[in-house]
*Asks:* 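My structure is below; once you've seen it, I'll send some questions.
Letters A, B, ... are given to chains in the order of the sequence lines, protein chains preceding strands, and every chain is numbered from 1. Bear in mind the structure is a predicted one, so any value in this text is a computation, not a measurement.
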Protein chains: 2
Amino acid sequence: MTGPLHLKISADLADNIRSGVWPPGHRIPFEHELTARYGCARATAGKAVGALVSAGLVERRRRAGTFVAKPPVQAVVVEIADIRTEVEARGQAYGYELIASRRRLARASGDEARLQAQGPVLEIACRHFADGRPFAAEDRVINLAAAPGIEAADFAREPPGAWLLAHVAWSEAEHRIAAAAADGVLAERLEVAQGHACLVLTRWTWQAGQGVTSVRQTFAAETYQLVARFTPVPFGR
Amino acid sequence: MTGPLHLKISADLADNIRSGVWPPGHRIPFEHELTARYGCARATAGKAVGALVSAGLVERRRRAGTFVAKPPVQAVVVEIADIRTEVEARGQAYGYELIASRRRLARASGDEARLQAQGPVLEIACRHFADGRPFAAEDRVINLAAAPGIEAADFAREPPGAWLLAHVAWSEAEHRIAAAAADGVLAERLEVAQGHACLVLTRWTWQAGQGVTSVRQTFAAETYQLVARFTPVPFGR
DNA sequence: TAGTGGTCTAGACCACAGC
DNA sequence: CTGTGGTCTAGACCACTAG
């Protein structure tokens, strides 16, 4: 192991935890012991331990020491990629089709209710294709007040998600992942039978507390699944 | 804002980013400028910026500075809770039923193939209930070599997931989230019609590179959905 | 109350990417 | 080249808490 010393310390500690040598609840060496063992300053040892804390591997308790945490199988990072990226990553040709787009006033019902938007919104229905076959159906509502400059966008050519990603600043988001049976409209758009099992991703996005967009993306069950890798310890060699 | 100075600095920077004052691509103040502005050492400013890097809010470029990153809507933390916890969090009564359990040799096909286990495994089918109604169907394979002491467990009373959580040390995991239509067996276990849309969670767990368990949990579409909150900036006030 | 982690300082040297 | 971030040191004081 070359490179920064604090990474080597993190990796050494993580090895002992991952391998089970130090089980949950075990006290890892005090920071001053690490300084002695590695011949470093306490700040360096502290940085190494701090990285393990961020990863959720250990917990610090004042006056007591730092202890191996219990494995939280629950916290999982799912990569919900941009659809174009996802399709191209499979080596398939990406395609896009605008189905409908209209301007109207925000409603207080349906997915968009969570946005708490008031005033004009843009309602968009579109499809994404992989190698010419329907990959995802998308229904989106965009709060015009939160998307200045959107009038200049041409959603007949460009997916609204890509435009928003490029033009709206940092935001907060909430996702729901669910299964659902395809209704008549969805079945037609995805070219499957009515009642077909689908994976449904719903996402709401806010920026500085203002609702920006709500979007529902539906995939036929066979075409898509989410993969989540849980790597609690990115310190391996 | 009281407390550690580095948190105040992080919060101040994050505010400018979240609010859109500093759009993606904008260069945030140099670390030496932060030391001047806050009257602190460079290590403190560096720690504040480092936290934003960990959160994915900014990117550092040597010789150039630190820049606001583009919002990666993709990385999402999903809380995949223990089923009992999930049911009880809804205020419903949790129930559990063992359907079948048998010992056999590992196969190189099906979900368990990813474990690359060899030798004896325990194959378990069970159900989880919420208020007496089927909530999830579970099919699990446990690698006996990776679960010492499991012979003493009574899976007629205790769900295998709970036992493993309590008895197996830190592990790596991979999840798949998909939709699927219920086949005959699943339909019966979940008490829904054949072909009913279901949400399927599949999880593989390793410990020190050794396969521990593979498990598939299936939920009727209406009973369960995953919720993910994306809070890119935990530095708000 | 003693010792842990939590935070911070005022320096330093280095690698490296822009200029 | 120059200046940025990347890393590190050898201290220091404080808050908290376990014993």
*Asks:* Tell me the interatomic distance from B/H32, atom NE2, to D/dG6, atom C1', rounded to whole angstroms.
*Replies:* 16 Å
*Asks:* Does a donor on one side chain sit under 3.5 Å from an acceptor on the other, for A/R140 and A/T213?
*Replies:*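 Yes, because at least one side-chain N or O of A/R140 sits under 3.5 Å from a partner of the opposite role on A/T213.
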*Asks:* Atom CD of B/E59 and atom P of D/dG5: how far apart are they, to the nearest Å?
*Replies:* 14 Å
*Asks:* Reading nucleotides 10-19 of chain D 5' to 3', which nucleotides get B (base under 4.0 Å from a protein heavy atom), which S (sugar-phosphate only), which -?
*Replies:* B-B--BSBB-
*Asks:* Under the side chain to side chain contact (heavy atoms under 4.5 Å, CB included) rule, collect the residues that match up with A/T223, sequence neighbours excluded.
*Replies:* A/F135, A/F219, A/A220
*Asks:* Going by side-chain hydrogen bond (donor to acceptor under 3.5 Å, both in side chains), name the residues that satisfy it together with B/R114, two or more places apart in sequence or in a different chain.
*Replies:*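 Partners of B/R114 by the side-chain hydrogen bond (donor to acceptor under 3.5 Å, both in side chains) criterion, ordered by chain and then number, come out as B/E174.
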*Asks:* Examine D/dT4: is either OP1 or OP2 under 4.0 Å from a nitrogen or oxygen in the side chain of B/T66? Give yes or no.
*Replies:* no
*Asks:* Would you list the atom pairs, donor with acceptor, under 3.5 Å between side chains in residues 153-168 of chain A and any protein atom, with sequence neighbours excluded?
*Replies:*
unit_1: A/D154; atom_1: OD1; unit_2: A/A156; atom_2: N; d: 3.0
unit_1: A/W163; atom_1: NE1; unit_2: A/H167; atom_2: ND1; d: 3.4
unit_1: A/H167; atom_1: ND1; unit_2: A/W163; atom_2: O; d: 2.9

*Asks:* Is it true that the NZ or CZ of B/R27 lies under 6.0 Å from the centre of B/F30's six-membered ring and within 45 degrees of the ring axis?
*Replies:*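 Here B/R27 passes the 6.0 Å and 45° test against B/F30.
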*Asks:* Just jot down the side chain to side chain contact (heavy atoms under 4.5 Å, CB included) partners of A/A93, sequence neighbours excluded, or say none.
*Replies:* A/D131
*Asks:* Starting at atom OH of B/Y38, determine the distance to atom P of C/dT7, rounded to an integer number of angstrom.
*Replies:*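 From B/Y38 OH to C/dT7 P: 17 Å.
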*Asks:* Reading DNA chain D 5' to 3', what string of ( ), [ ], | and . shows its pairs, if Watson-Crick and G-U wobble pairs count only when both distances fall under 3.5 Å?
*Replies:* ||||||||||||||||||.
*Asks:* Provide, to the nearest angstrom, the distance between the NZ atom belonging to B/K47 and the P atom belonging to D/dG5.
*Replies:*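 Atom-to-atom, B/K47 to D/dG5, this comes out as 19 Å.
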